[in-house]
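First comes the structure, then the notes that go with it.
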Amino acid sequence: MEGIVVNIEGEAFEPGKGHSTEDVLKRLKKVNAIALRAHDGYIFDISSLSGLPEGVHEVTAVTANSPEGLAICRHSASHVMAHAVKDLYPSAKVTIGPSTVDGFYYDFDVATPFTPEDLSAIEKAMQKIVKRNNPFVRKTMSKADAIELFKSMGEAYKVEIIEAIEADEVSLYEEGGFIDLCRGPHVPSTAAIPAFKLLKTAGAYWRGDEKNKMLQRIYGTAFATQEELKHHLEFLEEVKRRDHRRLGKELDLFSIHDDIGSGLILWHPNGAMIRKTIEDFWRDRHIKAGYKLLFTPHIAKIDLWKKSGHLDFYHENMYTPMDIDGADYEIKPMNCPFHIAVYKSNLRSYRDLPIKYAELGTVYRYERSGVLHGLLRVRGFTQDDAHIFCRIDQIEAEILDVLDFTLYVLRTFGFENFDVYLSTRPEKYVGSLDNWEIATEALRKALENKGLKYETDPGEGVFYGPKIDIKVKDSLNRQWQCSTIQVDFNLPERFDVTYRASDDKEAMPIMIHRALMGSLERFFGILIEHYAGAFPLWLAPVQVSVLTISERQADYAKQTANSLATVGIRVETDFGDEKIGYKIRQSSLKKIPYAIVIGDKEMDSGALALRKRNGENLSFSDFNSLLGFLQEEIEQRR
RNA sequence: GCCGGGAUAGCACAGUGGUAGUGCAGCUGAUUCGUAAUCAGCAGGUCGAGGGUUCGAAUCCCUUUCCCGGCUCCA
């Protein structure tokens, strides 16, 4: 351990020089260190302090408060879970058990799936193991020995895993008699797993491949403190509370019916009003941004899809063709071929470019029944699609434009944080290397020009071109993919799309596909959860409710409501014989942004009282000042 | 598609072999009230669908449809 510096909470310790090894270990224990991080980010067990690899001269204590430390805790928790499962169900075979972004899981091969009661029994067994404070002991052995060991234990999956490992030596961890193959690192001992909870069970294929056996997965989570665990569980409750399927029903926004078909959405009046507002905004802004709007059919002859390549590359998501007068027609999974047909309906000059076509195009795609999910994964949806035909020298400017436009639109819907990804050329691709290079650089430059932080996903582009994906973060900080901007070298080629260049020769434009919201259905689902159903005034299906204290004010209130409706405010009235508290409660449950309460006072004075959804009260001396207030808020879309 | 769980009144749910229930919503009546639930009465069901076991099935068995959680973040 000579010559090694150990940083603990900002203090440097040098075992052998002023500090004894015991002191350092004690100190590490005192701060609840669970691992050590080297400069290059590599993480070691605390026990490896005495045997650090050559070249490592300085390490820093890692606690469960850091992301790495927490991941280690969770990983160790998954081992403890496997230990508990083996104790309770000795015939269970262990497989893999990693930590995840918000917890951990472990997959087991068991004869009968786990029940919720099993889960709490396992959790209790885990608590006992944690209490015993068994040290995690790392061992290494040769591959051959490890294979022998796990064979003798009957752990066939572990044998399979070891056989696939390339190194000569593998590491094992033992804790309280439970041995598992593991790369590590782990917490020093089981008591260093402060707060954990098992959450749910699920089927999961071995190695995620549906050709393999189905294993039983147990999900759990762990945190540095009970407090944080509690917060996380509350967060999960909040997620449930905001579930768009639940709110969709409660607020009468949309429905899905068995007898109509899975993954097919019916927009109810409230949802349809929101969609109409979104669409109006979308169309208006697109026209202002120089897009031309299109409407195209829902079906087309099968040859079109052969030519576009969809039948080759996309047929798994397409429905069986229908026969019309002896010709096969396909319901459309994409809008692009139609937009190309519009482009090709005329000769185009280089002076015409860029040509930007936009359409709210409804497409139908086959999704496996198991993946359908409310509005977020459906079989019929409307894309806010657009195709930009431009010259290759225009790509950067166009992308820049699209980026600006996208961020403007997303911000209007209350999304302020984005994660941006640039996906580059995959192994299988079409188009020339030159074009890929130019297009990828154009995307990159546009991102840098906008000062957007982005991650590069090498090789993750589509076969026909590089792309930028933008993921929004909602009010619960969850990430959703909405926008995508994709360069396409393929379709112009396939459809022989051309323009007349300045040198009088035929040239091929580049196509940019882009969607800002992705699909209206999905975006709506995300919005419902983002706003927890409490839509801002400009989007709210009903903007104001007019409520009376008693029957006496009904006529007067009716006039007020009519005056609002006449200028386009969406109003609902409640003149029933319930008490005002009841009416306000009803209005609040419907998440109507404002309630106007009218009693004798208002009737006599002409003043108006406006109650916000959150209980706050505002008063206005007359109708016009109230109207002005509402109109300004609508105008500003906040 | 696969594994597990589920489907009972418009909604949320209870009901493990013996008369199908509760709350909210709905309807009717009373009440006319000042910022998140006034009171009373009434009505509402092929217990997802089909078949079977049984004297008797929401309940047990089989089939089927749909919904929910998941199905690599790689020792």
Side-chain angles (χ1 to χ4, degrees), chain A residues 71 74-75 78-79 82 94-107 110 112-116 118 143 146 150 155 157-167 170-173 180-184 186 199-219 240 243 245-246 249-250 252 255-263 316 366-374 547-554 575-590 595-602 609-617:
Chain A
R74 288 168 173 173
H75 183 199
S78 91
H79 272 245
V94 293
T95 68
I96 60 164
S99 66
T100 65
V101 281
D102 55 7
F104 61 87
Y105 66 82
Y106 208 113
D107 288 347
V110 283
T112 45
F114 300 109
T115 63
D118 292 336
K143 249 176 88 169
F150 283 102
E155 299 289 5
Y157 294 91
K158 291 290 175 187
V159 173
E160 194 181 321
I161 293 164
I162 299 167
E163 279 167 348
I165 295 174
E166 289 191 4
V170 297
S171 59
L172 311 177
Y173 279 81
D180 200 357
L181 172 76
C182 187
R183 179 161 45 193
H186 274 289
L199 297 172
K200 59 194 169 191
T201 59
Y205 298 103
W206 169 233
R207 294 192 181 277
D209 187 334
E210 59 192 83
K211 290 192 222 57
N212 290 338
K213 186 166 183 186
M214 169 122 343
L215 308 171
Q216 294 304 315
R217 174 171 297 182
I218 302 177
Y219 281 96
K240 249 190 230 165
D243 192 314
R245 291 165 301 183
R246 182 192 141 110
K249 203 175 271 179
E250 275 176 22
D252 199 12
S255 61
I256 306 170
H257 302 259
D258 297 4
D259 40 6
I260 290 174
S262 309
E316 279 184 3
Y366 174 73
E367 297 281 357
R368 299 205 296 177
S369 64
V371 304
L372 297 173
H373 181 93
L547 317 176
T548 48
I549 299 288
S550 77
E551 241 167 55
R552 271 195 307 285
Q553 301 94 28
F575 304 154
D577 58 0
E578 294 287 349
K579 296 206 274 192
I580 191 65
Y582 179 86
K583 294 181 187 177
I584 283 177
R585 182 179 150 82
Q586 293 307 311
S587 179
S588 304
L589 287 176
K590 289 188 209 164
I596 296 176
V597 178
I598 294 182
D600 286 341
K601 262 194 287 178
E602 284 73 22
L610 192 60
R611 185 191 197 275
K612 271 183 144 171
R613 202 156 33 188
N614 63 10
E616 199 181 317
N617 274 294

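Hydrogens, waters and symmetry mates are skipped; everything else that's a heavy atom, side chains included, is used. Numbered from 1 within each chain, the chains take letters A, B, ... in sequence-line order.
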Determine which nucleotide pairs with [N], using a 3.5 Å limit on both distances of a Watson-Crick or G-U wobble pair.
N: B:U28; value: B:A40
N: B:G4; value: B:C68
N: B:G17; value: none
N: B:A49; value: B:U63
N: B:G23; value: B:C11
N: B:A57; value: none

Item to complete: Please tell me which of the listed nucleotides, B:G1, B:U32, B:C3, lies nearest to the side chain of A:Ser550?
Response: B:U32
Fill in: Residue A:Arg552, side-chain heavy atoms: nucleotide from B:A75, B:U32, B:G69 that is nearest
B:U32
Between [atom2] of [N] and [atom1] of [X], the distance in whole Å:
X: A:Glu250; N: B:A12; atom1: CD; atom2: P; answer: 9 Å
X: A:Tyr219; N: B:G69; atom1: OH; atom2: C1'; answer: 9 Å
X: A:Leu199; N: B:C68; atom1: CG; atom2: P; answer: 20 Å
X: A:Arg246; N: B:C68; atom1: CZ; atom2: P; answer: 15 Å
X: A:Leu372; N: B:G70; atom1: CG; atom2: P; answer: 14 Å
X: A:Gln216; N: B:C2; atom1: CD; atom2: C1'; answer: 11 Å
X: A:Ile256; N: B:C68; atom1: CD1; atom2: C1'; answer: 12 Å
X: A:Asn212; N: B:C3; atom1: CG; atom2: C1'; answer: 14 Å

Worksheet item: Of A:Ser262 and A:Ile165, whose closest RNA chain B nucleotide lies nearer the 5' terminus?
Response: A:Ser262
Worksheet item: Of A:Asp243 and A:Tyr106, whose closest RNA chain B nucleotide lies nearer the 5' terminus?
Response: A:Asp243
Gap in Å between the two [atom1] atoms, one belonging to [N] and one to [M], rounded:
N: B:G1; M: B:G18; atom1: P; value: 36 Å
N: B:U38; M: B:C33; atom1: P; value: 15 Å
N: B:G34; M: B:U22; atom1: C1'; value: 33 Å
N: B:C3; M: B:A43; atom1: C1'; value: 44 Å
N: B:A57; M: B:G44; atom1: C1'; value: 24 Å
N: B:A58; M: B:A49; atom1: P; value: 11 Å
N: B:G15; M: B:U54; atom1: P; value: 28 Å
N: B:A9; M: B:C42; atom1: C1'; value: 15 Å

Inter-residue atom distance [X].[atom1] - [Y].[atom2], 0.5 Å rounding:
X: A:Asn614; Y: A:Ser588; atom1: CG; atom2: OG; value: 9.5 Å
X: A:Ile584; Y: A:Lys579; atom1: CD1; atom2: NZ; value: 12.5 Å
X: A:Thr201; Y: A:Asp118; atom1: OG1; atom2: CG; value: 9.0 Å

Can you see if the side chain of [X] gets near the phosphate of [N] - specifically, an N or O under 4.0 Å from OP1 or OP2?
X: A:Arg368; N: B:G70; result: no
X: A:His75; N: B:A75; result: no
X: A:Lys583; N: B:C33; result: no

Practice prompt. May I ask you to check if A:Arg217 and A:Tyr105 form a cation-pi contact, with NZ or CZ under 6.0 angstrom from the six-membered ring centre and within 45° of the axis?
Written response: yes
Practice prompt. Report yes if a donor N or O on one partner sits less than 3.5 Å from an acceptor N or O on the other, where the partners are the side chain of A:Tyr205 and the base of B:G70; otherwise report no.
Written response: no
Show the distances under 3.5 angstrom between N or O atoms of the protein and N or O atoms of nucleotides 34-38 of chain B.
from: B:G34; atom 1: O6; to: A:Asp600; atom 2: N; distance (Å): 2.9
from: B:G34; atom 1: O6; to: A:Lys601; atom 2: N; distance (Å): 2.8
from: B:G34; atom 1: N1; to: A:Glu602; atom 2: OE1; distance (Å): 2.8
from: B:G34; atom 1: N2; to: A:Glu602; atom 2: OE1; distance (Å): 3.3
from: B:G34; atom 1: N2; to: A:Glu602; atom 2: OE2; distance (Å): 2.8
from: B:U35; atom 1: O2; to: A:Arg611; atom 2: NE; distance (Å): 2.8
from: B:A36; atom 1: OP2; to: A:Arg611; atom 2: NH2; distance (Å): 3.2
from: B:A37; atom 1: N9; to: A:Arg585; atom 2: NE; distance (Å): 3.4
from: B:A37; atom 1: N7; to: A:Arg585; atom 2: NE; distance (Å): 3.4
from: B:A37; atom 1: N7; to: A:Arg585; atom 2: NH1; distance (Å): 3.2
from: B:A37; atom 1: N7; to: A:Arg585; atom 2: NH2; distance (Å): 3.4
from: B:A37; atom 1: N6; to: A:Arg585; atom 2: NH2; distance (Å): 2.6
from: B:A37; atom 1: N1; to: A:Arg585; atom 2: NH2; distance (Å): 3.0
from: B:U38; atom 1: OP1; to: A:Glu578; atom 2: OE1; distance (Å): 3.4
from: B:U38; atom 1: O4; to: A:Glu578; atom 2: OE2; distance (Å): 3.4

Item to complete: Using side chain to side chain contact (heavy atoms under 4.5 Å, CB included) as the criterion, point out the one residue from A:Val94, A:Leu215, A:Ile162 that pairs with A:Tyr157.
Response: A:Leu215
Discussion item. Against A:Arg207, only a single residue in A:Asn212, A:Ile96, A:Asp107 fulfils side chain to side chain contact (heavy atoms under 4.5 Å, CB included); can you say which?
Written reply: A:Asn212
Discussion item. Is it the case that over 12 heavy atoms from other parts of the model lie below 6.0 angstrom from the CD atom of A:Glu163?
Written reply: yes
Discussion item. For a quick check under 3.5 Å, do A:Thr548 and A:Glu551 share a side-chain donor-acceptor pair by atom type?
Written reply: no
Worksheet item: Do NZ/NE/NH1/NH2 and the carboxylate oxygens of A:Arg245 and A:Asp243 come within less than 4.0 Å?
Response: yes
Discussion item. Whether A:Lys158 and A:Asp180 form a salt bridge (side-chain N of Lys/Arg under 4.0 Å from carboxylate O of Asp/Glu) is what I want to check.
Written reply: yes
Worksheet item: Which is true for A:His257 with a 4.0 Å heavy-atom rule: it touches a base, it touches only sugar-phosphate, or it touches nothing?
Response: nothing
